[in-house]
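The chain is numbered in sequence order, starting from 1. Both backbone and side-chain heavy atoms feed into the values below; hydrogens, waters and symmetry mates do not.
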Amino acid sequence: MNFVMKCSTEELALLVSLTGYPNVAKGILETGLGTKTQQEWDAVMEATAHQLMVKDLWVEVAERNGDIPLSEEMQMFIKSYVESNYMIRIPDAPNQHAAMLHHIQGDTWLLHSIDRDIIHEFAYMTVDEMPQMIKDYYAISEKQPDVQRTFALSDEAFDLLSVRDNVKKVQMLADLAPEEEIHFQAFLTDLDHHAWTLHNISFFHIPSIDKDPLLENITFFLPGSEGVWVVSYQDGEELPVRVTLESTEEWNAMAEGVAVVAKQVSE
C-alpha cells in the first residue's frame with residue numbers, strides 16, 4: 001500500500017473544485033459540514049486555500065499565471081479519484097468510519113479512508129492487498145460457533161430490522177419456529193451490541209460523475225459473540241433472506257471474495 005495524502009473535508013472539497021468538479025466538491029462539503037449558502041461556501045474555501053498553502057499544495061506560480069494553483073500530479077490524482085467507474089464501499093457506522101476503494105487502472109485501486117466525515121486519507125493498493133485490508137479493518141476475532149444458528153425472513157421483515165422498535169412486527173411477519181426464534185434472539189443480542197447496525201460491503205458501478213452509482217452487489221454481516229452472522233439472499237424462496245451464524249473462516253472467505261469481484265473489474 002502506497003500512501004498518497006491526508007486532508008480535511010474542506011481541503012478535499014477545494015482540491016476537487018479547483019480541478020474542475022464543483023458539483024462533486026459541493027457534495028463532499030455538504031456530506032461533512034451540512035448545507036451551506038454560497039457566501040458561507042466562499043468563506044470556507046478562502047480559509048481552506050490558506051491551509052493548502054501551509055501544506056505546500058497550493059502552487060502560487062501557477063496562480064499568478066492564471067492557471068489552476070495545483071501541481072499537474074495533484075490534478076491527475078484528483079481526476080482519477082473523481083472519475084473512477086467502480087467503487088467498493090466498506091462502512092463502519094458504529095465507529096463513524098468508512099473506507100472506499102476506487103478502481104484506478106488495471107489492478108491498482110485507491111483506498112479512501114474517512115474518519116467522522118472530517119479526515120480523509122488516501123493510499124494506492126493492489127487487488128491482492130484487499131482481503132487483508134478488509135480483515136484488518138473490521139478486526140473480527142477468531143471464532144468457531146458451537147451451535148448452528150440460522151433463520152429466514154421476508155424482504156419486508158429484514159428491512160424493518162434497521163429499527164429496534166420494529167422487533168415485534170418482524171416476529172409477527174416471520175412467524176419463526178421455536179428453534180429459529182432462539183437463533184433470532186441470539187442475533188438480536190449481537191445486533192443490540194453493535195448499535196442496531198449491520199455492517200455491509202457494497203460494490204458500485206459509476207457510469208459517469210453526472211449519474212447516480214449503480215449498486216451491483218451488497219453483502220450484509222454482523223460480528224457476534226459466537227461467530228459472524230452472514231446474510232444471504234435466495235431467489236424464489238418465500239422467505240428469501242437467510243441469516244446464518246458462520247465461523248471466522250467463512251468471514252475470511254467473504255473478504256477474499258471481494259478481491260475476486262475487484263479482479264474481474266481490473267481485467
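The residue from Leu173, Asp165, Asp155, Val167 that alone fulfils the side chain to side chain contact (heavy atoms under 4.5 Å, CB included) condition with Leu160 is Leu173. Residue Thr150 forms a side-chain hydrogen bond (donor to acceptor under 3.5 Å, both in side chains) with just one option from Glu179, His183, Arg242, Glu180, and that option is Arg242.
The pair Lys79-Glu72 does not count as a salt bridge, with every side-chain nitrogen at least 4.0 angstrom from each carboxylate oxygen.
The CG atom of Asn2 lies 9.5 Å from the OG1 atom of Thr126; values are rounded to the nearest 0.5 Å. Between atom CZ of residue Phe187 and atom CG of residue Leu222 there is a gap of 5.5 Å, rounded to the nearest 0.5 Å. A distance of 13.0 Å separates CD1 of Ile182 from CZ of Phe151, quoted to the nearest 0.5 Å. Atom CD1 of Ile209 sits about 10.5 Å away from atom CG of Asn85, to the nearest 0.5 Å. Interatomic distance, CD1 of Ile206 versus CD of Glu216, reported as 10.5 Å (0.5 Å rounding). How far CG of Asn252 is from CD of Glu142: 6.0 Å, rounded to the nearest 0.5 Å.
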Legend entry - Criterion side-chain contact (heavy atoms from CB on, under 4.5 Å) on His112 and Met87, from CA distance to verdict: CA-CA 10 Å; His112 177 195; Met87 177 183 72; over 6 Å; no
Legend entry - Verdict with reasoning, Glu11 to His120, per side-chain contact (heavy atoms from CB on, under 4.5 Å): CA-CA 9 Å; Glu11 290 168 343; His120 302 255; over 6 Å; no
Inset, instruction - In sequence, state the C-alpha distance, the side-chain angles, and the governing distance for Ile28 and Tyr21, and then conclude on side-chain contact (heavy atoms from CB on, under 4.5 Å). - result: CA-CA 11 Å; Ile28 292 171; Tyr21 307 97; over 6 Å; no
Inset, instruction - Assess whether side-chain contact (heavy atoms from CB on, under 4.5 Å) is satisfied between Val243 and Phe184, documenting all intermediate values. - result: CA-CA 9 Å; Val243 183; Phe184 179 66; over 6 Å; no
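Trp229 and Ala186 make their closest contact through CZ2-C, 3.9 Å (heavy atoms, listed as atom of the first residue, atom of the second, distance). Among all heavy-atom pairs drawn from Glu63 and Trp58, the shortest one is OE1-NE1, 2.9 Å. Closest approach of Thr108 to His103, counting heavy atoms only: O-CD2, 3.7 Å. The shortest non-hydrogen separation linking Ser225 to Asp190 is N-OD1, 3.2 Å. The two residues Ser247 and Gln144 have their closest heavy-atom pair at CB-OE1, 3.4 Å. Lys55 and Cys7 make their closest contact through NZ-CA, 3.8 Å (heavy atoms, listed as atom of the first residue, atom of the second, distance).
No chain of hydrophobic side-chain contacts below 4.5 Å, direct or via other Ile, Leu, Val, Met, Phe, Trp or Tyr residues, connects Phe220 to Leu239. Taking hydrophobic clusters as Ile, Leu, Val, Met, Phe, Trp and Tyr residues chained together by side-chain heavy-atom distances below 4.5 Å, Ile201 does not share a cluster with Leu215. Using a 4.5 Å cut-off between side-chain heavy atoms of Ile, Leu, Val, Met, Phe, Trp and Tyr, with links allowed through other members, Met100 and Met1 fall into different hydrophobic clusters. Criterion: ILVMFWY side-chain heavy atoms under 4.5 Å apart, direct or through other members. Under it, Tyr81 and Phe204 are not part of a common hydrophobic cluster. Met45 and Met53 fall within a single hydrophobic cluster, where Ile, Leu, Val, Met, Phe, Trp and Tyr side chains are chained together by heavy-atom contacts under 4.5 Å.
Using a 4.5 Å heavy-atom cutoff, the side chains of Leu198 and Leu191 are in contact. Between Leu111 and Tyr137, the closest side-chain pair of non-hydrogen atoms is not below 4.5 Å. The shortest distance between side-chain heavy atoms of Asp42 and Glu46 does not fall below 4.5 Å. Using a 4.5 Å cut-off on side-chain heavy atoms (C-beta onward), Leu153 and Leu161 make contact. For the pair Trp251 and Val230, the minimum side-chain heavy-atom distance is 4.5 Å or more. At a threshold of 4.5 Å between non-hydrogen side-chain atoms, the residues Glu60 and Arg64 count as touching. Contact check for Glu246 versus Phe221: no side-chain heavy atoms found under the 4.5 Å cut-off. Contact annotation: the side chain of Leu15 approaches that of Leu52 to within less than 4.5 Å [non-hydrogen atoms, C-beta and beyond].
Aromatic ring pairs are classed by plane angle as parallel below 30°, tilted from 30° to 60° and perpendicular above 60°; the pair Tyr138 and His199 is tilted.
Enclosure of atom CD in Gln148 is not indicated, since only 12 or fewer non-hydrogen atoms of other residues, nucleotides or ligands lie within 6.0 angstrom. Within a 6.0 Å sphere centred on NZ of Lys135, other residues, nucleotides and ligands contribute more than 12 heavy atoms. When the shell of 6.0 Å around CE of Met76 is examined, it contains 12 or fewer heavy atoms from other residues, nucleotides or ligands. The 12-atom threshold is not exceeded at CD of Glu249, counting heavy atoms of other residues, nucleotides or ligands nearer than 6.0 Å. More than 12 heavy-atom neighbours from other residues, nucleotides or ligands sit within 6.0 angstrom of CG on Asn65. Environment of CG in Asp146: sparse, with no more than 12 heavy atoms of neighbouring residues, nucleotides or ligands closer than 6.0 Å.
A distance-only check finds no donor-acceptor pair linking the side chain of Ser17 to the backbone of Pro22 [under 3.5 Å]. Distance alone, capped at 3.5 Å, places no donor-acceptor pair between the Trp196 side chain and the Leu188 backbone. Although no hydrogens or angles enter the test, the distance criterion places no donor-acceptor pair under 3.5 Å between the side chain of Thr19 and the main chain of Gln75. A donor-acceptor pair is defined here as one N or O able to donate and one able to accept, closer than 3.5 Å; such a pair exists between the side chain of Thr248 and the backbone of Lys143.
Other residues sharing the hydrophobic cluster of Ile119, ordered by chain and number and joined by side-chain separations under 4.5 Å: Ile118.
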